[in-house]
There are 2 protein chains.
Amino acid sequence: MARPKKKVEGERAAAILDAADALLAEVGYEGISARAVAERAGVNKALVFYYYGSVENLFERVLERYYTAHGELLARALEGFRRAPDDVPLAERLHGLIDVYLDFIEHNRLYARLVQQQVSGGGMHLHLVERHLRAFYDWTSSLLAEMAPATGRASARQLYLTFSAAVINYFTYAPLLGDDVWEGDALSAAALAERRAHVHWLVDTLLAALAAEKPDAR
Amino acid sequence: MARPKKKVEGERAAAILDAADALLAEVGYEGISARAVAERAGVNKALVFYYYGSVENLFERVLERYYTAHGELLARALEGFRRAPDDVPLAERLHGLIDVYLDFIEHNRLYARLVQQQVSGGGMHLHLVERHLRAFYDWTSSLLAEMAPATGRASARQLYLTFSAAVINYFTYAPLLGDDVWEGDALSAAALAERRAHVHWLVDTLLAALAAEKPDAR
DNA sequence: GATCGGTTTGACCACTCGGTTAAAGCCTGC
DNA sequence: GCAGGCTTTAACCGAGTGGTCAAACCGATC
């Protein structure tokens, strides 16, 4: 159990992971070559393969780090509801989940691009994406199922897609509309606050509509 | 003006463009190499450069073909409203635009992936994407401006993003949720019909909410 | 001091990439 | 037939890729 074996355990490995993350953010999926990552991390190229086996695997580790972080935040939020005095209303729970989602993306700006890239790029790491997307879906739709039917125009599955699209698509599309549309940066604090308010308004409006048409159930 | 110069004018050029399109659909942006395109088109690799100058330019032509097709459909729809008896209600016009959008994506399944790829991939053709996205935004938001304020939680710009996200994101995310969620393929006729109904319901619901809170304007 | 195992290194490999080029093919007008 | 101009071809290029490997390094144990 010799702990202070060398410098710090896995220092180089972590540097490589961080370099890959940073490069991904700057140059995108294309620009993440073993050489570029190694140079960025100040490390020999062979170390990338020594620690991660392949560039693909390295990339997958970066992805997974984001996914597990996101998943843990959501799980913690759900756990909070469960421990609460047992009657947190559905709307409040949904708002909570959405705030967690928005907070996470705002603090990890790369995340939205990374996920969208994988989903739309026909990337080879789709199994990872599928697994996490499915988990998020299960959590959210189990909430929505309390009010929404399983199928039809206002079903839980449709609502889930619309809500998550409303959150994540903003970060990839809004910046492209141009600064004049947002009177400045689409990712400025003011613009982000407006989007957050919009999504919450969206949830409230749709839930109200659901409640109104619930009696006739369709 | 010698027309029947050789076989068919631009036959090879068209074959290359189509091959690039097909490869893009199957393998994604990564898999579109000059060699692969040429082989797919049954053509010498040098011809790719003879006709298109560079692989980048070839890719841009594919993108542009989709964008102009989409743009023309939208423009035609808008033109139709303008010629109509002068009082097509806003909701109906919005539903019309959305149907055009959905029809186009359903008949050009690659389109959604292609656009999302460019937007999120930090691709080098962002200027193309920006130009068209901006045009679509201007058209849609000019309609929405009749009912929605320019800023705030229910502003035209926010609604535009939410509507377009609801349309386009379905095609990239829904298939990942798994066949059991959709009782079959998420892109089957039945599933697509449910999504279409959902989006129209979404529009109606939000417009109704807008109308209800219009008096106090915020 | 010798040894041993995990770590680090630079040199090297086969391969693919986008792109070029000079020559050949081929069709048309004379 | 021949001249001239698009079109098509095979061969080639330099650069960059992911990945390997044997040797060197280096800290800990005996």
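In what follows, chains are A, B, ... by sequence order, proteins preceding strands, each numbered from 1.
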Task: 5' priority, DNA chain C, between A/Tyr50 and A/Asn44 [closest heavy atom] - done: A/Tyr50
Measure from the side chain of [X], starting at C-beta and using heavy atoms only, and say which of [options] lies closest.
X       : options               : value
B/Lys45 : C/dT7, D/dT20, C/dG19 : C/dG19
B/Ser54 : C/dG19, D/dG18, D/dT7 : C/dG19
B/Ser33 : D/dT7, D/dT9, C/dG18  : C/dG18
B/Ala46 : C/dT20, D/dT7, D/dC21 : C/dT20
B/Val55 : D/dG19, C/dG19, D/dT7 : C/dG19
A/Leu47 : C/dT9, D/dT9, D/dG18  : C/dT9

Using a 4.0 Å heavy-atom cut-off across all strands, classify [X] as base, sugar-phosphate, or nothing.
X       : result
A/Tyr52 : nothing
A/Ala34 : sugar-phosphate
B/Ile32 : sugar-phosphate

Task: Residues A/Glu106 and A/Arg195 bridged, charged N to O under 4.0 Å - done: no
- [ ] Considering only NZ, NE, NH1 and NH2 on the basic side and carboxylate oxygens on the acidic side, decide whether B/Asp21 and B/Arg40 come within less than 4.0 Å.
- [x] no
In this structure, how many angstroms lie between the [atom2] atom of [N] and the [atom1] atom of [X], rounded?
X       : N      : atom1 : atom2 : result
B/Glu39 : C/dC17 : CD    : C1'   : 15 Å
B/Glu11 : C/dC26 : CD    : P     : 15 Å
B/Leu23 : C/dG18 : CG    : P     : 12 Å
B/Ile16 : D/dT7  : CD1   : P     : 12 Å
A/Phe49 : D/dT20 : CZ    : P     : 7 Å

Open item on the list: Pairing donors with acceptors under 3.5 angstrom, does anything connect the side chains of A/Gln118 and A/His125?
Closed with: no
TODO: Look at the side chain of A/Arg35 against the base of D/dG16 and say whether a donor-acceptor pair falls under 3.5 Å; ignore hydrogens and angles.
DONE: no
Open item on the list: Counting the benzene-type ring for Trp, do A/Phe59 and A/Tyr29 have ring centres under 6.0 Å apart?
Closed with: yes
- [ ] Verify, without hydrogens or angle tests, whether B/Arg157 (side chain) and A/Val181 (backbone) share a donor-acceptor contact under 3.5 angstrom.
- [x] yes
